[in-house]
Undergrad: 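Take a look at this one; I'll ask things after.
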Amino acid sequence: MENIVLIYNTLSRQKEEFIPLENNVVKMYVCGITAYDYCHIGHARSTVVFDVMVRYLRHVGYNVTFVRNFTDIDDKIINRANEENISSEQVAEKYIRAFYEDMDRLGILRADVEPRATTHIREMISLIQVLERKGFAYPTPSGDVYFRVRKMENYGRLSGRNIEELQSGGRVAPEEEKEDPLDFALWKSSKPGEPAWESPWGDGRPGWHLECSAMSEKYLGIPFDIHGGGQDLAFPHHENEMAQSEAAFGKQFVRYWIHNGFVRVNSEKMSKSLDNFITIRDILSGVHPQVLRFFLLTKHYRSPLDYSTQYLLEAEKAVHRVYSTIALLEKELSKSKWSQGQDYSHVEQDIQDIVRKWNQAMDDDFNTAEAIGYLFSLMRLANRMAEEKSFRKSEAGRQIMNQILSVIKEWGDVLGVFNGPCNEFLDELKSLRCVRSNIDPGLVQSLIEKRQSARKSKDFVLADKLRSELAEMGIEVMDAPDGAKWDFA
RNA sequence: GGCGGCAUAGCCAAGUGGUAAGGCAGCGGUCUGCAAAACCGCCAUUCUCCGGUUCAAAUCCGGAUGCCGCCUCCA
């Protein structure tokens with residue numbers, strides 16, 4: 001492997017050189033959603049950043065097996081089912097479908113395996129049995145099964161806390177049947193009317209943490225290379241998952257733990273409990289999915305990311321700039337005559353240099369924010385060169401323009417942005433903006449035609465009047481040799 | 001209360017020991033009938049504050065202030 005990828009490992013609290021267990025094979029598991037509601041931008045961020053990591057690891061030559069689960073049984077799903085008066089299965093099905101709709105629009109690749117908890121009950125039960133045999137699990141008279149946290153050495157090392165601190169936190173109310181307030185449920189007995197599966201401890205359902213332990217082992221084996229999720233999952237979810245798995249299998253569970261930072265609104269975490277979340281579908285009704293995706297990558301994945309409409313609009317301008325440059329290059333390249341020109345090898349050098357830096361940025365803990373900086377350096381270079389007539393018309397220029405396009409394509413495939421047809425993007429963006437500003441494109445077109453005929457008859461007073469009329473609508477008219485075009489200012 | 005993170009220009013943001021990437025906005029210029037886009041130039045002697053280590057610190061150490069997160073379901 002040529003690239004040395006550094007990954008910040010939550011376990012060690014530092015960046016480490018990424019060395020997979022099996023030379024170029026990467027086994028990666030990321031916690032997916034609990035399917036009980038529409039996804040918000042926080043889910044989008046997590047899903048996008050891990051999608052980019054998978055894409056980048058593949059890009060540098062790793063053979064990645066990627067597993068992302070769906071939690072399709074859980075208290076929140078049961079509650080939602082009661083609210084909506086449908087079954088838990090229907091709730092999960094509905095929101096898993098919604099997940100795919102949203103994530104497909106965001107260009108998220110499907111994982112290699114997308115297991116669901118309810119189809120792995122058997123695996124979970126046997127895992128509990130192993131834990132019971134080893135003395136890590138104990139059933140209670142009412143049919144719950146708990147994990148004996150104190151028996152687990154090193155419990156708390158992932159999330160950086162120790163058992164005594166957790167104990168003294170005093171917020172954990174002792175429940176009668178637990179031996180210790182810190183113990184967590186592996187199996188929950190069901191109340192009448194709740195979804196339930198048969199088990200040696202009576203009818204019930206699995207605890208939340210258990211599914212990831214069972215399914216990751218089943219599809220990746222233990223230990224595996226990377227386990228990811230949102231920062232809020234580090235404790236208790238991942239801590240408990242790790243405890244279970246290491247207790248059951250008697251070896252290390254995961255080598256690199258990756259946690260992404262939160263999306264914030266007004267400097268506060270966006271979350272269900274604060275009720276300050278914005279769903280992906282709400283945003284996408286007025287913002288292009290490529291823009292949202294780009295926005296989510298403009299900050300390093302571990303830092304908090306503040307959300308606001310203004311930031312989204314800035315991202316929109318940035319994405320527009322890149323696509324405009326692509327459009328320019330494609331237009332130049334559609335010409336058929338190329339002349340012998342001067343030597344532009346220094347430009348190729350510049351491109352190589354930018355590409356090298358881009359790779360270094362991505363190697364350094366997937367620093368998309370820095371990498372995007374280099375993308376803009378490349379855009380400026382492209383535009384600058386395209387200004388030069390002799391460059392534009394020369395064979396050497398043609399080759400360089402092609403080279404730049406293929407670099408953008410390569411980066412676009414990693415970022416999942418700038419990898420689509422650019423005219424399609426520009427058209428979609430324009431119509432979105434029409435909808436947003438409540439503008440009728442037909443009206444704009446007729447005003448432009450009026451202005452064109454005014455210009456033809458050199459009536460610049462009328463032409464300028466029409467220009468400012470359009471400007472008041474937020475429309476900018478661009479006169480070009482091949483006719484007038486328009487876009488939003 | 002315990003543990004952890006962050007603080008960089010008007011705004012967003014990268015940068016963990018070698019002298020401040022990039023984007024948005026703004027200003028001047030080229031181009032244009034006028035514009036827009038694009039390009040060129042300008043835009044932080046300085047990185048919350050105070051002390052320390054060092055030849056050298058936004059980067060390391062100590063302290064202060066502010067903001068945020070986890071400790072309970074949460075990406």
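Each chain gets a letter, A, B and so on, in the order its sequence line appears, and its residues count up from 1.
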Undergrad: Just the atom pairs and distances: protein N or O near nucleotides 40-42 of chain B's N or O, under 3.5 Å.
TA:
{"residue": "C40(B)", "atom": "OP1", "partner": "Arg384(A)", "partner atom": "NH1", "Å": "2.6"}

Undergrad: Taking side-chain hydrogen bond (donor to acceptor under 3.5 Å, both in side chains) as the test, write out the residues that go with Arg455(A), two or more places apart.
TA: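 With sequence neighbours excluded, Arg455(A) shows a side-chain hydrogen bond (donor to acceptor under 3.5 Å, both in side chains) to Gln452(A), Asp479(A), given in chain and number order.
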Undergrad: Using the six-membered ring of Tyr100(A), assess whether NZ or CZ of Arg110(A) lies under 6.0 Å from its centre and within 45 degrees of the ring axis.
TA: yes
Undergrad: With sequence neighbours left out, what residues match Leu333(A) under side chain to side chain contact (heavy atoms under 4.5 Å, CB included)?
TA: Trp338(A), Arg398(A), Met401(A), Asn402(A), Leu405(A)
Undergrad: Once side-chain hydrogen bond (donor to acceptor under 3.5 Å, both in side chains) is applied, do any residues pair with Tyr307(A), and if so which ones, sequence neighbours excluded?
TA: none
Undergrad: What pairs of residues pass the salt bridge (Lys or Arg N to Asp or Glu O under 4.0 Å) test when at least one of them lies in residues 317-326 of chain A, not counting sequence neighbours?
TA: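 Non-adjacent pairs meeting salt bridge (Lys or Arg N to Asp or Glu O under 4.0 Å): zero.
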Undergrad: So Val49(A), base contact, sugar-phosphate only, or nothing? Heavy-atom distance under 4.0 Å.
TA: nothing
Undergrad: Not counting sequence neighbours, which residues clear salt bridge (Lys or Arg N to Asp or Glu O under 4.0 Å) with Arg161(A)? List them please.
TA: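 By the salt bridge (Lys or Arg N to Asp or Glu O under 4.0 Å) rule, Arg161(A) matches no residue at all.
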Undergrad: Side chain of Arg161(A) only, heavy atoms from C-beta on: which candidate in C70(B), G33(B), A75(B) is closest?
TA: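 Looking only at side-chain atoms, Arg161(A) lies closest to C70(B).
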Undergrad: Distances under 3.5 Å between protein N/O atoms and the N/O atoms of nucleotides 5-13 of chain B, please, pair by pair.
TA:
{"residue": "A13(B)", "atom": "OP1", "partner": "Lys299(A)", "partner atom": "NZ", "Å": "2.8"}

Undergrad: Of the options G22(B), A35(B), G69(B), whose atoms approach the side-chain atoms of Phe376(A) most closely?
TA: G22(B)
Undergrad: What about Asn162(A), does its side chain sit under 3.5 Å from the base of C3(B) through a donor-acceptor pair?
TA: no
Undergrad: Does any part of the side chain of Asp487(A), heavy atoms only, come nearer than 4.5 Å to the side chain of His320(A), both counted from C-beta?
TA: yes
Undergrad: Tell me, please, which residues at least two apart from Lys272(A) pass side chain to side chain contact (heavy atoms under 4.5 Å, CB included).
TA: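 For Lys272(A) the side chain to side chain contact (heavy atoms under 4.5 Å, CB included) partners, ignoring immediate neighbours, are Tyr36(A), Asp37(A), His40(A), Phe277(A).
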Undergrad: My understanding is that only residues two or more places apart in sequence, or in another chain, count here; which of them pass ring-ring contact (aromatic ring centres under 6.0 Å, His included) with Phe18(A)?
TA: Tyr62(A), Tyr256(A)
Undergrad: Side chain of Lys269(A) only, please: which of A75(B), A38(B), U72(B) is the nearest?
TA: A75(B)
Undergrad: Looking for any heavy atom pair under 4.0 Å, which part of the strands does Gly230(A) touch: base, sugar-phosphate only, or nothing?
TA: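 It contacts sugar-phosphate atoms only.
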Undergrad: I need the full list of salt bridge (Lys or Arg N to Asp or Glu O under 4.0 Å) pairs touching residues 257-268 of chain A, with sequence neighbours left out, sorted by first then second residue.
TA: Arg264(A)-Asp306(A)
Undergrad: Where the side chain of Asp232(A) is defined as all heavy atoms beyond and including C-beta, which of G23(B), A75(B), C73(B) is the nearest nucleotide?
TA: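 Nearest to the side-chain atoms of Asp232(A), counting from C-beta on, is A75(B).
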Undergrad: Quick one: list whatever passes side chain to side chain contact (heavy atoms under 4.5 Å, CB included) with Gln310(A), sequence neighbours left out.
TA: Ser308(A), Glu314(A)
Undergrad: Please work out which residues in residues 464-478 of chain A have a non-hydrogen atom less than 4.0 Å from an atom of RNA chain B and list them by number.
TA: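 Correct list: Asp464(A), Arg467(A), Glu476(A), Val477(A), Met478(A).
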Undergrad: Whether the side chain of Arg455(A) and the base of G33(B) hold a donor-acceptor pair under 3.5 Å is what I'd like checked.
TA: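 Answer yes: a donor N or O sits under 3.5 Å from an acceptor.
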